[in-house]
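Order of the sequence lines fixes the chain letters, A, B, ..., with proteins taken first and strands second; residue numbering starts at 1 for each chain.
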Protein chains: 2
Amino acid sequence: MNKKLRQEAIVRIVETETISSQKSLRKALMEKGLSVTQATLSRDLKELGVIKTVDDEGGYKYAFRENRRAPFFRSCEVSGNLLVVRTDAGMAPAVAYRIDEMGLAGVLGTVAGEDTLLAVVADGHDARQVRRELGVRGGGPGWRRNR
Amino acid sequence: MNKKLRQEAIVRIVETETISSQKSLRKALMEKGLSVTQATLSRDLKELGVIKTVDDEGGYKYAFRENRRAPFFRSCEVSGNLLVVRTDAGMAPAVAYRIDEMGLAGVLGTVAGEDTLLAVVADGHDARQVRRELGVRGGGPGWRRNR
DNA sequence: AGGGAGAATGCAATTTTATACACAATTCGC
DNA sequence: GCGAATTGTGTATAAAATTGCATTCTCCCT
């Protein structure tokens, strides 16, 4: 059975090339020596969770449904009673705002620069616990939870 | 123009109902008194970032691109040599940053509050022209360009 | 007011995608 | 190993989505 093999190839192609139709995906697979019909591709794409999105130039492009990395968030480290959150450039204030908005017990306040923000945790609270509550593992305020 | 109205209705429908074709979406809009052709829906869905995914039961279903909270942008008005940009709560600094980053000729600088930012346009430049260059009609810094 | 640029939209044709049906291949329980 | 059930795939076709072109609508400027 080469279904597995074929789908792996599809994953690779979708990740690396700009493909926007099953017909051209089929051609790409042909070039790799994999022969398959369009109908099967329709089923494969459904199974693999490949969707048709819009790329930066406004054209259509296949992509995977789930999002690898959350939008703005880069990292979140604990140092003493501080949380040091790194974000995409310019996004720190937005993320800080969201954190404030959450009104987490133990967060005294936040200060945001351009791509970094500090959240000050009150004495008597555990910064690690706060980080956990932020849900950094799976998402958080300014970024979406993956499922 | 009821494009805005229509697209808002589409958002509501996509969020609350299980729709899997433009034809049935069209029907749903009809019931709300909004008349539109399938071709326009195709364009709307592309613009709104609606994708076709697979739901829990294995059927197709429209949904929003994971990443879609991107459009922080709410509106952009011109007043004299100022652009007044409204954004989602807390997002103004992020959008201002993106605008700065674009380095548009004629933009002297930006000041961001919480959900509003001002971009100051230099004398001798046309604020409307700047707005056009921002691509506000079809996208912009913190939101996706479509066309 | 009048004109023009760009946006929005419909229509029709085309392209792309999904699926019903038939059959082959594989897996499973005995 | 054998038949039954499940899974995989192609073919043909139906269904759905996209797009070129023409037209209309909206602003904005003079």
Side-chain angles (χ1 to χ4, degrees), chain A residues 1-10 13-14 18-30 33-55 57-63 65, chain B residues 1-10 13-14 18-30 33-55 57-63 65 75-81 83 121 125-140 145-147:
Chain A
M1 187 227 299
N2 46 14
K3 179 181 179 181
K4 194 178 168 70
L5 185 67
R6 183 184 66 237
Q7 293 196 339
E8 284 170 358
I10 291 173
I13 291 172
V14 167
T18 294
I19 299 278
S20 63
S21 80
Q22 295 172 9
K23 190 174 169 188
S24 56
L25 174 56
R26 180 161 187 254
K27 213 173 61 167
L29 285 168
M30 288 295 200
L34 291 165
S35 168
V36 68
T37 62
Q38 172 269 320
T40 297
L41 287 183
S42 173
R43 294 164 182 137
D44 280 346
L45 295 185
K46 181 177 184 181
E47 211 172 301
L48 293 170
V50 172
I51 58 178
K52 207 171 177 178
T53 61
V54 178
D55 71 13
E57 276 71 40
Y60 289 97
K61 176 184 191 309
Y62 283 139
R65 179 154 44 67
Chain B
M1 188 239 298
N2 44 16
K3 179 181 179 182
K4 193 177 167 72
L5 186 67
R6 182 185 66 238
Q7 292 195 341
E8 284 169 358
I10 292 174
I13 291 172
V14 167
T18 294
I19 298 278
S20 64
S21 82
Q22 296 173 6
K23 190 174 169 189
S24 57
L25 174 57
R26 180 162 186 254
K27 213 174 60 165
L29 286 167
M30 287 296 198
L34 292 165
S35 168
V36 68
T37 62
Q38 173 270 323
T40 296
L41 287 185
S42 173
R43 293 167 181 132
D44 280 345
L45 295 186
K46 181 177 184 179
E47 209 170 304
L48 293 171
V50 172
I51 57 178
K52 207 171 178 179
T53 61
V54 178
D55 73 9
E57 304 313 320
Y60 288 98
K61 176 184 191 308
Y62 283 140
R65 203 168 44 204
S75 68
C76 179
E77 301 299 328
V78 171
S79 172
N81 61 335
L83 291 183
V121 177
H125 286 267
D126 179 12
R128 287 165 210 286
Q129 175 57 25
V130 172
R131 177 170 67 171
R132 217 166 294 130
E133 280 167 16
L134 274 179
V136 162
R137 292 238 159 274
R145 179 173 301 274
N146 35 48
R147 62 165 87 138

Going 5' to 3' through nucleotides 14-23 of chain C, assign each nucleotide B (protein heavy atom under 4.0 Å from a base atom), S (under 4.0 Å only from sugar-phosphate atoms) or - (no protein heavy atom that close). --SBBBB---
Could you tell me how far apart [X] ([atom1]) and [N] ([atom2]) are, to the nearest whole angstrom?
{"X": "A/Q7", "N": "D/dT9", "atom1": "CD", "atom2": "C1'", "result": "12 Å"}
{"X": "A/K61", "N": "D/dA17", "atom1": "NZ", "atom2": "P", "result": "21 Å"}
{"X": "B/E47", "N": "C/dA7", "atom1": "CD", "atom2": "P", "result": "11 Å"}
{"X": "B/K27", "N": "D/dA16", "atom1": "NZ", "atom2": "C1'", "result": "15 Å"}
{"X": "A/L5", "N": "D/dT9", "atom1": "CG", "atom2": "P", "result": "11 Å"}
{"X": "A/R6", "N": "D/dT7", "atom1": "CZ", "atom2": "P", "result": "16 Å"}
{"X": "A/L48", "N": "D/dG8", "atom1": "CG", "atom2": "P", "result": "12 Å"}
{"X": "B/K3", "N": "C/dG10", "atom1": "NZ", "atom2": "C1'", "result": "15 Å"}

Would you find a donor on one side and an acceptor on the other, under 3.5 Å apart, between the side chain of B/D55 and the backbone of B/G59?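 Indeed, once roles are kept as given, a pair shorter than 3.5 Å links the two residues.
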Please state whether the phosphate of D/dC25, meaning OP1 or OP2, lies under 4.0 angstrom from any side-chain nitrogen or oxygen of B/N2.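 For D/dC25, OP1/OP2 do not have a side-chain N/O of B/N2 under 4.0 Å.
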Is there a side-chain polar atom (N or O) of B/R26 under 4.0 Å from OP1 or OP2 of D/dA16?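 No, B/R26 has no side-chain N/O under 4.0 Å of OP1/OP2 on D/dA16.
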Any side-chain heavy atom of A/N2 within less than 4.5 Å of one from A/V36?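 They are not in contact (no side-chain heavy atoms under 4.5 Å apart), so the answer is no.
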With sequence neighbours excluded, tell me which residues meet side-chain contact (heavy atoms from CB on, under 4.5 Å) with [X].
{"X": "B/K23", "answer": "B/S21"}
{"X": "A/A63", "answer": "A/T53"}
{"X": "A/Q7", "answer": "A/K3, A/D44, A/E47, A/L48"}
{"X": "A/K52", "answer": "A/Y60, A/Y62"}

Side chain to side chain donor-acceptor pair (under 3.5 Å) partners of [X], counting only residues at least two apart:
{"X": "B/S42", "answer": "none"}
{"X": "A/T40", "answer": "A/T37"}
{"X": "A/Q38", "answer": "A/Q22"}

Let me check the geometry of the helix from C/dA1-D/dT30 to C/dC30-D/dG1. What is the bend angle between the axes at its two ends, five pairs each, to 10°?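 Roughly 50° between the end axes, to the nearest 10°.
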